[in-house]
Each structure stands twice: as C-alpha cells, then as structure tokens.
Amino acid sequence: MSKIITRFAPSPTGYLHIGGGRTALFNWLFAKHMGGQFLLRIEDTDRARSTEAAVEAILDGMRWLGLDWDGEPIFQFARMNRHAEIAQQLLAEGKAYYCYCTPEELEKMREEQLAKGLSPRYDGRWRDRDPKDAPAGVKPAVRIKAPSRANDEMLVSDAVQGDVRVPYTQLDDMILLRGDGTPTYMLSVVVDDHDMGITHVIRGDDHLTNTFRQRMIYDAMGWDVPKFAHIPMILGEDGAKLSKRHGAVGLHEYANKGYLPEAMRNYLLRLGWGHGDTEIVDTEEAVKLFTLDGIGKSPSRMDFTKLAHVNAHYMRQADEERLMSLTMPYIEEKLGAKPDAAGIARFKSGLHALKERASTLIELADAGLFFVRPRPLPLSEDAAKVLDADTRGMLGEMKQTLVSLDDFKAEKIEAALKEYGTQKGLKLGKVAMPLRAAITGTTNSPSIFHVAEILGKEETLARLSDVA
C-alpha cells in the first residue's frame, strides 16, 4: 500500500469549532497510527469571508489541541490556476463544455422544476449545443459532462457509512469554472486532494453527497479515488444540531474555560469512536488503537458533565509546574493583579490537594484563591453566615490555642483544636468550620489543618485576628 496521507481542510471564515477539531483529530490519529502524513490545507477561496484572523484562529486551535501537521499549510486560493488548468484539460478532451445560460435562465429552470415537484438540476441544454449559438455578452461557465448511465448507480464504499449508492440520473453537469473564470469548490477540492496525494478523506457526513459529484472529476481525469470516511455530526445535549446556544462550540472557548488540551483530545476521540467501554484513552494509546472501523455511524451528543470528568482526570495527572503556569492567568484575572511571591508559594504548596477537587483550571483558580488573596479576606455568603457573633468569639480563643504551638504542622494543629473542642463540649467539625471560614473566606477547602500549615503560623493567626 502507498503511504497513508490524510488532510484537514478548514475554511478560514471563523474559529475552529469543535466538530472541525474532532475531524482534524481523527485525520491526525489515523495518519499517526498508519505511519503516514497529516497535511493541513486552508480552503480560502471564499475571498469575501476568508480573513487572516480566522486563519490564525485555526492554526492556534490546532496548536492548542496538539495536532502537528507535516510541512507548511497549503492555501487553496494560491492554486487557482492549477484548478482552472484541469477544467481546461477536460474541455480539450471533450469531457466538459461551455454553458452560456444566464442567471435568469437558470432561475427560471429551477422554478419550473420545483413547480413540477422535481429536484432542481441543470438540464444540460448547452451540453451538445454549438457555441456559435451563444448569446452576445454572456461569459460562459464550464460544466463537466455527467456520465449518461440512466439505469446505473454510482457506488461509494465508505469506511464509516458502508456502501452508499446514488443513481447517475441524480448527477447533473455541475459547474467547474464560473463565468468569471474562478474554480468552484468541487473542482478545487478534488485537484488539491489529488496533487497532495491524499489517500484517505476523513470528513463530516454533511459532505457525503459531495463525494458523488467529486467522483465525476476523479473518473473523468482517470485519477485514483481516495478512500472516504464520513463521520457523523456532533449534536447538542438535547439532540439538536450543535450551536452556540448549547454552550462553548469553538475550541478557543474550551481553552478559555480552563480545559486541558489532552483532555479535549481524549473527549473528542470518544465522541464518535470507541474501544469497548474505555473512557480514558491518552494520546499515546489512541495512536496505537485508532482505526476507522471504530467510528460509529450514529451522531454523538455533547456531554459537558463527561467532559468535566475527563478533564478532572487529566488535571490530577498533570505536572504541577505546568498546572501552575496554566492557572496563574486565571488567578491574576480574578485578583486584578499578580499575586506576591508568598501567595504564589502557598498556592503551589496547596496545589496537590486543590487539583483533586477541580474539574477545570478556572475551578482550580477559584478553589485556591484564598492562598493568594491579600488580607483581609473577603467572605463568601456562606462563610459570613458561619461567622456569627458567637463564632467570632470562639476564634479569639482558638487563636490563643494556636499561638502556643511551636510545631505548626497539620497534625499538631488538629490535635490542639480537638482538645479545645473537647474542653468546650464541641465536636471537631464545629471548630473546624469557623476556622475554615476565617482563614479561607469560604466553606469549602481541602483539609483545613493542612491549609493552616501551608499558610503558616503568622498568616493563620493574622487571618484569625482579622475576623475575630
């Protein structure tokens, strides 16, 4: 078999959305699994909507997702002359022809067919007509001659959808070059895929109908046809087509919401591909396991709860230095300033416990914010309820208990406050919760005795004094 070459070919008319990210991932994984190449093509022929900002957004999304491509990105617009060259070759070989229909004629043709209950399609009126009959001033389009096989069907053996057939009678003489000489999407895609040596086209199933029309170009040119794999779409949690109302749909939004790229790769992998009931499949394992026959035929549904679960797993596994650097921008945004060195050191010391309780980098930043906040700490609504007048009086006594500790370690702090609670007839929880509210400003944190140890004696006592 020739070397496997796949491609991802987004249009730079917006951000890289989650469906595109999954398509890119599947192409990347298949190429890696087969020891082949993964190429990137920017389909920028829509000049009115294609922007440099969108190109950068796509490249940034690919880099964030960790999908490296081979060679330089290929820009489709720069290859327009090559696309037009193929149309001219088909003209010269009698496999295409000039069509002099005006837009008004085409619209009238469409209306008449709809009125008869027919699907709109070009009726081939210029297919065998002499160009000498052409009306003056009309710039002709170039149309391919669809195969005349009235009782036959075109077969596409799709790696995901199986054998799919379409009657040749449904294929009309589609346009290759517009009247202004610009190539159509259908022509450009086929020429680029051929010239790039693409062996497998893995894309969304919304392109399945395009495949039959594109096959006409492959067949007319006598080119090898790549293997197609059309993957089902991604739906929202409600089963409707995924849209902005379902939440974040652009990869940049998931990055901003504090998800890790390795978690997103794992989640997107399982969003339409399966290996038994295994949910956690890291990238290295995914490269070993990924095959096209593992892709399901049914649409997948976004499940943000599952995504959070997968992300939480990877956060627990993540290197803590990296986790620190990824979380700091969120902390600085919430503080409105860069935390001081002492606060950063405290956050770093508490990171191991904090990451066990967070599903995203934003949650991690929220959970550890009390480590870096300057005094006096703001109190959450729940913390303020805990710290009523009676409880604040207790804090002064607890402070005196802790002042006497020379060894300010978690177990010593716990033992001292347990003894204090016994003297007051209070269970440890009745002592620990006011302590938590006072020195974190919240009612939810890792073990408060470990928190106090990380804060240190001086900071802990100072925070108690602020509230007491």
key: Contact summary for T23 and G204, nearest pair of heavy atoms   = OG1-N, 4.5 Å

query = For the side chain of R178 and the backbone of P183, is there at least one donor-acceptor N/O pair under 3.5 Å apart?
reply = yes

note = Tightest non-hydrogen contact, residues A141 and I175, listed as CB-CG2, 4.1 Å

query = Does S157 offer a backbone N or O that forms a donor-acceptor pair with the side chain of K227 under 3.5 Å?
reply = yes

query = In Å, rounded to the nearest 0.5 Å, how long is the span from CG of D219 to CE of M221?
reply = 11.5 Å

task = Using side chain to side chain contact (heavy atoms under 4.5 Å, CB included) as the criterion, point out the one residue from H194, E43, H207 that pairs with V189.
result = E43

remark   = What one should report as the nearest heavy-atom pair of M154 and L171 is CE-CD1, 3.7 Å

inquiry  = Evaluate Y218 against D193 for side chain to side chain contact (heavy atoms under 4.5 Å, CB included), listing each step before the verdict.
reply    = CA-CA 10 Å; Y218 282 107; D193 281 345; 3.6 Å; yes

ask   = Is the side chain of R265 donor-acceptor paired with the backbone N or O of T283 at a distance under 3.5 Å, no angle test?
value = no

inquiry  = For a side chain to side chain contact (heavy atoms under 4.5 Å, CB included) check, start with the C-alpha distance between D206 and M233, then their side-chain angles and the critical distance, and finish with the verdict.
reply    = CA-CA 8 Å; D206 53 327; M233 67 174 63; 5.7 Å; no

ask   = Salt bridge between D205 and K297, side-chain N to carboxylate O under 4.0 Å?
value = no

ask   = Are the side chain of D44 and the backbone N or O of Q76 linked by a donor-acceptor pair below 3.5 Å?
value = yes

note = Tightest non-hydrogen contact, residues L260 and M315, listed as CD1-CG, 3.7 Å

Basic-acidic side-chain contact under 4.0 Å: E320, K348 = no

inquiry  = According to ring-ring contact (aromatic ring centres under 6.0 Å, His included), does anything in residues 116-141 pair up with another residue at least two apart or in another chain? List the pairs.
reply    = Y100-W126

task = Give a yes-or-no answer on whether the side chains of H83 and D192 include a donor-acceptor pair shorter than 3.5 Å.
result = yes

query = Are side-chain heavy atoms of F212 and Q170 found at a separation under 4.5 Å?
reply = no

ask   = Can you find a pair of side-chain heavy atoms, one from L39 and one from I198, that are under 4.5 Å apart?
value = yes

query = Distance only, no hydrogens: is a donor on one side chain within 3.5 Å (strictly under) of an acceptor on the other, for R436 and T440?
reply = no

Short side-chain donor-acceptor distance under 3.5 Å, N444 and T442 = no

Minimum side-chain heavy-atom gap V287-W28 below 4.5 Å = yes

request  = Can you run down the ring-ring contact (aromatic ring centres under 6.0 Å, His included) pairs that involve residues 157-179, sequence neighbours left out, and say none if there aren't any?
outcome  = none

request  = Could you tell me whether the side chain of R346 and the main chain of F371 form a donor-acceptor pair under 3.5 Å?
outcome  = yes

query = Of the options V156, V160, T209, T211, which is the one that meets H230 in a side chain to side chain contact (heavy atoms under 4.5 Å, CB included)?
reply = T211

note = Value for CD1 (I5) from CD (Q37), rounded to nearest 0.5 Å, stands at 5.0 Å

query = Is H33 reaching over with its side chain to a backbone N or O of K288, donor-acceptor style, under 3.5 angstrom?
reply = yes

message = Does this structure show an ion pair linking K108 with E105, if we count only N-O contacts that are shorter than 4.0 Å?
response = no

inquiry  = Looking only at the side chains, is there a donor atom on one of Y97 and D173 sitting less than 3.5 Å from an acceptor on the other?
reply    = yes

task = Inspect the contact between E262 and R322 and indicate whether a charged nitrogen and a carboxylate oxygen are less than 4.0 angstrom apart.
result = yes

key: Cationic N near anionic O, under 4.0 Å, K32 to D68   = yes

ask   = Are any non-hydrogen side-chain atoms of L377 and F370 less than 4.5 angstrom apart?
value = yes

message = Set out, in order, the CA-CA distance, both residues' side-chain angles and the distance that settles side chain to side chain contact (heavy atoms under 4.5 Å, CB included) for E85 and R82, then state yes or no.
response = CA-CA 5 Å; E85 177 186 299; R82 167 61 176 162; 2.7 Å; yes

Criterion side chain to side chain contact (heavy atoms under 4.5 Å, CB included) against L251, the qualifying member of L65, I58, D60 = L65

ask   = If every non-hydrogen atom of M109 is compared with every non-hydrogen atom of R121, which pair is closest and at what distance?
value = SD-O, 3.8 Å

ask   = S300 side chain to G272 main-chain N or O, any donor-acceptor pair under 3.5 Å?
value = yes

ask   = Quick one: do R213 and D172 make a salt bridge, cutoff under 4.0 Å?
value = yes

note = Contacts satisfying ring-ring contact (aromatic ring centres under 6.0 Å, His included) that involve residues 273-304 (not counting sequence neighbours) are F26-F290, W273-F290

message = Assess, by modelled atom type and distance only, whether the side chains of R203 and N210 contain a donor and an acceptor separated by less than 3.5 Å.
response = no

request  = Decide whether D382 and S380 meet the rule of one side-chain donor and one side-chain acceptor closer than 3.5 Å.
outcome  = no

query = Do N256 side-chain atoms and H252 backbone N/O form a donor-acceptor pair below 3.5 Å?
reply = yes

message = When you compare the side chain of Y254 with that of T360, does any pair of heavy atoms fall below 4.5 Å?
response = no

ask   = Any donor-acceptor pair under 3.5 Å linking the side chain of N266 with the backbone of E279?
value = yes

ask   = Where is the tightest heavy-atom contact between A87 and L187, given as atom of each residue plus distance?
value = CB-CD2, 4.0 Å

task = Output yes when a side-chain donor or acceptor of R357 lies under 3.5 Å from a complementary backbone atom of S445, and no otherwise.
result = yes

inquiry  = I need the L354 CG to S349 OG distance, nearest 0.5 Å.
reply    = 10.5 Å

